[in-house]
Amino acid sequence: MNFDPDEQFRCTIIRGKAKNMLDNLLPAYANIIDDLCPCDKGFFATNFNNRLVNILGQHTSKKTLDNHRTEIAGKLFGMYYEDGEVILPSNRTLKYLDDSDQPAFFKDICFKFQFPNGMDKVDKVIEKVAARISIRQYPYILQVLLSADKSNIRLTKDDIAFYVLNSLQVLQGKVTPDQVIEKIAEERNEGITRKVRHPGKQSSFSMQHIREQLNYLELANLIRIDSNLIQLNYRESKNINYIAGFWDKKPEFDVYNYDLTSEEGKKNFFYDWQVYYSDLNGHKSFTTTIDSLEVYTTTPTCDLDKKALGDEGENFVLEYEKERVRSFDPSLIRKIVHLGQTKGLGYDIQSVVAEPGESAEFVKYIEVKSTKRVTVPDLSDSTWIDTINLTRNEWIAAAQHRKSYYIYRVYFTPGQATMYVIRDPYTKNQDEKLKAKPVSYRIDFSNSSVDYMVVEEKEAYQ
DNA sequence: TTTACCCGTGTA
DNA sequence: TACACGGGTAAA
């Protein structure tokens, strides 16, 4: 088929927020959901809003809070789903709570996103179905970028907008990425520049949803947008190649299977979609290596991915402490102990104060909390917030050691690691300089607590 | 009437 | 230009 890019189709996604705000909000949403769920829908709505208003500011209207909850945390991020009247955290949220890997969270979203999907209102879904749209847009974009690099062509977001995300034929799955690149090369030779613009409309109408789709690829650590140019992060080649490999596969969730004109069909469609989308990609669990967050290179290099280490943060802090103590007094280095494998102490590293004065050799207990994200956290940003979870043991250690207890919060971001040190969180909580809230219950039970038991022979359930 | 994506519009 | 609040709007 001959590619005609003039066949355009405005194909929107829900408007999100700025890149760094999304990176900031993700941990907040995740922890709120983790605290509240499972619970019924009304309780969830009220309490989610009550928690979020503390972060966004008391002036924030109910409407805006509702939008955050339903549009971003719910539809775009797929962080929870509704089963009956009960709201449950999605597997994507649970994985994130476990690994604190924000780019991996967004990789999973990029893998599962598709057109048409169940994030739209039903009339918009019907429009897309009527237009015979069927595409996994992120695999497709990545394949286009790979193809562009092969042809030594640099793409701008206007190119992706006009030739890919707003091109009807591409959205219908009728054109290959190579054809797209060929067409772009051809039109550039003729001196033609394309932009998606709707007469009489502001550029946000035409471009905001496109720009934000590219933002998700950036948050996933797969591309960088440099003013207007888009570049692949080749340190992520493994993940890029994996996702791009799906460019010509039919969307996994088949919208065309549903009768969207009947009440029953609509209900099933939106329910099935949310269950599908909020679950993790069943084929591959994404991770982001520290290595892939380093300054990206424009030169394709072979397989730089290394096996992710569970204790990257601890190793980082260990090296930092060794250097810090060495510069004060090398003989004190032997007092630094890495206790990563020793569970139940409530801290990861035992170090020494190593500062002038009589407390120089006093012990310092360090709990390391690390996370990975694409934007650099900025304390001067008014929307900046963060949440970490301490275990019961860690909190007890904080209470016991007070001024000797430190939380080292490490953020691995592209090209740098940033660390915030919080000394004596226990006293800070009493002084309301931070808020600590117990959120989990340990249940000890005995024979008097058990109502009944069920035993089945293996054959019955195998 | 309420809900919840849709998206105008004003701000930085 | 890049959002982000909250009004717009149509379905629930």
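Any value given below was found using the heavy atoms of this structure, including those in side chains, with hydrogens, waters and symmetry copies removed. These figures come from a predicted structure and were not determined experimentally. Residue numbering restarts at 1 for every chain, and letters A, B, ... go by the order of the sequence lines.
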Determine the contact category for A:Lys267: base if any of its heavy atoms lies under 4.0 Å from a base atom, sugar-phosphate if only primed atoms, P, OP1 or OP2 are that close, otherwise nothing.
nothing
Reckon A:Thr64 touches a base, only the sugar-phosphate, or nothing at all at heavy-atom distances under 4.0 Å?
base
Tell me which nucleotide among [options] gets nearest to the side chain of [X].
| X | options | value |
| --- | --- | --- |
| A:Glu263 | C:dA4, C:dA12, B:dA4 | C:dA12 |
| A:Lys121 | B:dT3, C:dG6, B:dC5 | B:dC5 |
| A:Arg197 | C:dT1, C:dA2, C:dA4 | C:dT1 |
| A:Gln202 | B:dT9, C:dA2, C:dG6 | B:dT9 |
| A:Ala18 | C:dC5, B:dG8, C:dC3 | C:dC3 |
| A:Lys63 | C:dA4, C:dG6, B:dC6 | C:dG6 |
| A:Lys201 | C:dC3, B:dC6, B:dG8 | B:dG8 |

Given the ring of A:Tyr277, does A:Arg92 sit roughly above its face, with NZ or CZ under 6.0 Å from the centre of the six-membered ring and within 45° of the axis?
yes
So is A:Arg136 actually on top of A:Tyr138's ring, under 6.0 Å and inside 45° of the axis?
no
When every non-hydrogen atom of A:Pro89 is compared with those of A:Ile33, the smallest separation belongs to CB-CG2, 3.8 Å
Rounded distance (nearest 0.5 Å) linking atom CZ of A:Phe9 with atom CD of A:Glu7
12.0 Å
Student check: side-chain heavy atoms of A:Val255 and A:Pro116 closer than 4.5 Å
yes
Yes or no on salt bridge (charged side-chain N to carboxylate O under 4.0 Å, His left out) for A:Arg194 and A:Asp158, after CA distance, side-chain angles and deciding distance?
CA-CA 7 Å; A:Arg194 308 281 214 165; A:Asp158 280 325; over 6 Å; no
Selection: residues 26-49 of chain A, any non-hydrogen atom under 4.0 Å of DNA chain B
A:Lys41
